[in-house]
Undergrad: 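Submitted below is the structure of interest, expressed as structure tokens.
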Amino acid sequence: MPAVSKGDGMRGLAVFISDIRNCKSKEAEIKRINKELANIRSKFKGDKALDGYSKKKYVCKLLFIFLLGHDIDFGHMEAVNLLSSNKYTEKQIGYLFISVLVNSNSELIRLINNAIKNDLASRNPTFMCLALHCIANVGSREMGEAFAADIPRILVAGDSMDSVKQSAALCLLRLYKASPDLVPMGEWTARVVHLLNDQHMGVVTAAVSLITCLCKKNPDDFKTCISLAVSRLSRIVSSASTDLQDYTYYFVPAPWLSVKLLRLLQCYPPPEDAAVKGRLVECLETVLNKAQEPPKSKKVQHSNAKNAILFETISLIIHYDSEPNLLVRACNQLGQFLQHRETNLRYLALESMCTLASSEFSHEAVKTHIDTVINALKTERDVSVRQRAADLLYAMCDRSNAKQIVSEMLRYLETADYAIREEIVLKVAILAEKYAVDYSWYVDTILNLIRIAGDYVSEEVWYRVLQIVTNRDDVQGYAAKTVFEALQAPACHENMVKVGGYILGEFGNLIAGDPRSSPPVQFSLLHSKFHLCSVATRALLLSTYIKFINLFPETKATIQGVLRAGSQLRNADVELQQRAVEYLTLSSVASTDVLATVLEEMPPFPERESSILAKLKRKKGPGAASALDDGRRDASSNDINGGVEPTPSTVSTPSPSADLLGLRAAPPPAAAPAPAGAGNLLVDVSSEGPAAQPGLGPTPEEAFLSELEPPAPESPMALLADPAPAADPGSEDIGSPIPEADELMNKFVCKNNGVLFENQLLQIGVKSEFRQNLGRMYLFYGNKTSVQFQSFTPTVVHPGDLQTHLAVQTKRVAAQVDGGAQVQQVLNIECLRDFLTPPLLSVRFRYGGAPQSLTLKLPVTINKFFQPTEMAAQDFFQRWKQLSLPQQEAQKIFKATHPMDAEVTKAKLLGFGSALLDNVDPNPENFVGAGIIQTKALQVGCLLRLEPNAQAQMYRLTLRTSKEPVSRHLCELLAQQF
């Protein structure tokens with residue numbers, strides 16, 4: 001830049017600033033400023049034309065006054081006039097004033113744009129840089145529209161100066177971040193990659209920043225940058241500090257550029273070219289080797305620059321996850337930082353090791369530092385470092401060290417900071433459950449959790465222990481004994497009372513033989529806690545009491561006395577009053593047999609995903625899913641920890657690691673505990689359907705149907721408080737479905753949960769459940785970008801006459817979806833008659849000002865309303881013969897498109913909705929099923945037979961129903977699954 005001459009010192013400005021500084025009070029300052037503003041206004045309005053120096057001086061004063069916090073409402077035109085000056089200092093002040101004070105909606109923006117265009121076309125590098133800086137500082141959409149096409153040309157022009165290229169790259173980066181849709185991709189993208197080879201390091205640094213941002217959205221356009229980035233990184237890493245003197249920072253050559261290059265490489269998978277990959281591995285090894293060398297300076301700036309490159313190198317090694325030697329070396333290097341005197345280094349080391357612990361190559365190396373991490377958890381003064389230590393213990397846990405880690409985390413929990421107690425409780429619960437070989441240890445651990453941190457034990461945690469105890473006969477007696485002893489403590493947390501009430505109500509008979517835990521003693525112990533508990537816990541205890549009458553008839557009189565007490569029958573809380581009245585009447589009127597039937601032991605709970613794990617993922621944020629899902633390095637855990645063979649639910653549901661939108665994260669449970677799942681303990685009680693009551697209550701199916709039951713005959717779909725108005729399906733041109741719509745929909749024929757659609761902007765997930773002719777579907781719309789979606793409008797459309805066959809009621813969603821956020825839409829569905837075509841889902845929104853739209857087929861097919869039907873072989877063949885008309889049968893012989901696995905086939909047929917009938921077909925290799933399609937108008941019986949021929953890799957599928965179109969449609973749907 002040109003030097004400022006002595007004549008440009010602007011003495012009047014210096015005097016004004018001195019006067020302001022010498023003011024003794026705020027009033028004196030305002031008085032001096034008002035005097036100066038009046039003087040400047042008079043000069044601007046005077047008849048005498050001002051020269052460039054005077055304009056510059058007065059505009060500078062206005063700028064200074066604005067920076068002091070005062071409003072400036074004049075002088076803008078004079079600043080714009082300065083832009084046409086040929087003097088650098090005058091043009092500089094004009095651009096500075098505009099960058100700070102001019103609004104993007106100003107009437108002067110067109111004049112400013114013209115001045116900028118003139119400077120960009122002048123080929124004067126100084127003026128071009130000033131113009132580019134102004135565009136970047138203002139960064140408005142109007143400027144983007146005016147110059148987004150010109151700046152790339154300046155950037156890649158062969159005659160552009162290095163300083164201009166730097167400014168152009170950073171200016172383009174600013175515009176792209178503000179309005180991505182305005183920056184056109186074209187020929188310049190291939191040429192900008194070659195700036196990585198530029199001799200000027202400043203140009204390379206600016207170009208790397210730009211390419212890193214651009215390649216995240218258009219990775220294929222910039223794929224050639226990998227080899228160039230590796231080459232440049234290799235030259236920097238292998239250079240001495242004297243080779244790049246202008247870009248050496250405290251003996252570290254080009255640290256900022258090195259970090260940027262390493263981050264750029266993290267946008268891509270490992271290089272496919274063996275030579276490039278070998279050179280990159282050599283670079284990474286060199287960085288790790290230099291980290292072991294003694295420091296060349298004792299100054300903190302040297303160590304900061306050196307460690308910045310080291311940690312970014314380790315991040316790249318973790319990202320590739322393909323070089324065992326580098327991963328182990330990275331782990332050992334981080335292990336040295338765990339005891340470093342710098343708190344920040346200890347924090348970063350723990351954070352990086354959390355990610356390393358999930359790699360199969362470095363997990364064992366991470367485990368060697370367990371004692372150091374446990375010591376950090378106990379002794380660190382910084383709470384954020386202690387939290388990272390807890391995260392690392394959770395990540396490095398496996399079957400060999402689970403008891404030690406859980407024990408240490410429990411010990412730490414007693415003195416842990418309140419901010420992280422709930423998270424530690426969740427982690428202890430998950431680890432104890434996942435690695436429990438001895439279930440008595442699991443029960444002890446959860447009860448200890450409740451004792452130590454009862455206020456932080458969420459419902460999901462104590463629900464889980466109830467589920468596991470209910471599903472495992474071998475632990476029920478021990479659980480009853482342990483919880484009975486825990487309840488004898490003088491100070492007992494309410495969550496312990498809930499767990500004790502449920503377990504003793506179900507399995508108290510297993511310890512009733514001991515006089516110390518006889519039925520009267522159990523009842524007396526529980527009832528002593530009754531008056532200290534909340535309404536929800538009292539309701540649960542009342543259910544336990546009625547269970548006691550069934551288990552222990554000798555307690556009947558005592559319990560009836562409690563139920564008959566005025567404090568219960570006339571309780572102000574309607575729930576407690578109703579339970580007391582109903583339970584008292586039930587115990588008085590019902591016979592022993594009826595009572596035993598109504599109050600029988602809870603059955604085992606079905607398989608569902610763990611709501612504890614889902615809650616921890618939500619608490620840690622979207623980026624933590626991969627760190628929490630570490631099952632890939634401990635595949636053996638399923639075998640011991642209640643693992644099960646694949647069932648229809650486990651086969652048809654996507655893995656948790658693929659659940660980007662948290663589709664299987666449970667809604668809050670409705671009431672009392674509803675334990676679930678034998679098998680794998682990380683399953684969820686509340687992810688589907690309402691929670692089961694520990695005492696009396698509807699079955700899950702009855703609760704589901706009652707929840708969806710139309711509130712009034714005249715309003716069959718009035719299920720939502722704020723329904724969206726029904727749109728005329730033909731009133732809006734939604735466009736044709738996308739080409740892959742059928743393929744996407746077919747993925748959901750045999751499953752209910754998963755990702756329906758995903759591109760670079762949007763992810764749409766589905767979670768649905770169906771009972772009889774009713775269904776409920778949750779659609780999850782996730783914004784994958786950092787830019788807010790505007791005018792977001794998802795619409796369900798009924799093509800043709802589908803509205804007379806299928807009723808879909810939708811709930812409104814927010815019109816704006818923030819970047820990285822997700823919104824949920826609820827659809828209530830009623831099948832009125834059999835249908836062949838699915839409804840359409842039209843999604844419209846504006847992204848970066850540009851309209852976006854897509855149309856999908858909603859995964860609602862006729863088989864979703866299947867009701868499985870069991871029948872004997874004789875009944876099956878009799879019904880098969882009754883459906884013998886040609887139009888009632890549909891048959892298809894087709895080639896297998898997937899491996900012919902009997903278990904997978906069985907799972908798909910069950911997911912399709914029919915019941916599988918054993919010992920019906922003479923050939924045991926064949927599959928026979930039966931079901932009824934439930935619609936509001938009629939029921940359609942369906943029988944199917946699937947005959948696989950493994951040798952020929954063929955199937956023959958035969959379906960018979962009472963309606964011809966249904967037979968053909970079901971046959972087509974099912975055949976596509978094999």
Undergrad: Between Thr961 and Ser967, is there a side-chain donor-acceptor contact under 3.5 Å, judged purely by atom types and distance?
TA: yes

Undergrad: Will you find, in the side chains of Gln790 and Gln788, an N or O donor that is under 3.5 Å from an N or O acceptor?
TA: yes

Undergrad: Below 30° counts as parallel, above 60° as perpendicular, anything between as tilted: where do the rings of Phe792 and Phe845 land?
TA: tilted

Undergrad: Does anything in residues 739-749 pair up under side-chain hydrogen bond (donor to acceptor under 3.5 Å, both in side chains), and if so which pairs, sequence neighbours excluded?
TA: Asp742-Lys857, Asn746-Gln976

Undergrad: Examine the side chains of Lys811 and Asn828 and answer whether a donor and an acceptor come within less than 3.5 Å of each other.
TA: no

Undergrad: Could you check Val843, Val817, Asn783 and say which one makes a side chain to side chain contact (heavy atoms under 4.5 Å, CB included) with Leu762?
TA: Val843

Undergrad: Gln934 and Gln939: side-chain donor and acceptor closer than 3.5 Å?
TA: yes

Undergrad: Does a side-chain heavy-atom distance below 4.5 Å link Ile829 with Met777?
TA: yes

Undergrad: What's the spacing between Ile862 CD1 and Lys963 NZ if we round to 0.5 Å?
TA: 9.0 Å

Undergrad: Just wondering, do Val787 and Leu761 contact through their side chains at under 4.5 Å, heavy atoms?
TA: no

Undergrad: With a 4.5 Å cut-off on side-chain heavy atoms, are Phe222 and Thr212 touching?
TA: no

Undergrad: Go through Leu426 and Val461 one step at a time and tell me if the side chain to side chain contact (heavy atoms under 4.5 Å, CB included) criterion holds.
TA: CA-CA 7 Å; Leu426 290 173; Val461 174; 4.0 Å; yes

Undergrad: For Asn863 and Thr861, which I'm curious about, is there any donor-acceptor pair between the side chains at under 3.5 Å?
TA: yes

Undergrad: Measure up the Phe865 and Phe770 rings against each other and bin them: parallel (under 30°), tilted (30 to 60°), perpendicular (over 60°).
TA: perpendicular

Undergrad: Any sub-3.5 Å donor-acceptor pair from Asp801's side-chain atoms to Thr804's backbone N or O?
TA: no

Undergrad: Within the supplied structure, the quantity of interest is the number of heavy atoms (other residues, nucleotides, ligands) at a distance under 6.0 Å from Lys892 NZ; does it exceed 12?
TA: yes

Undergrad: Under a 3.5 Å cutoff, is there a donor and acceptor pairing between the side chains of Tyr781 and Gln825?
TA: yes

Undergrad: Distance from Tyr456 atom OH to Ile424 atom CD1, nearest 0.5 Å?
TA: 11.0 Å

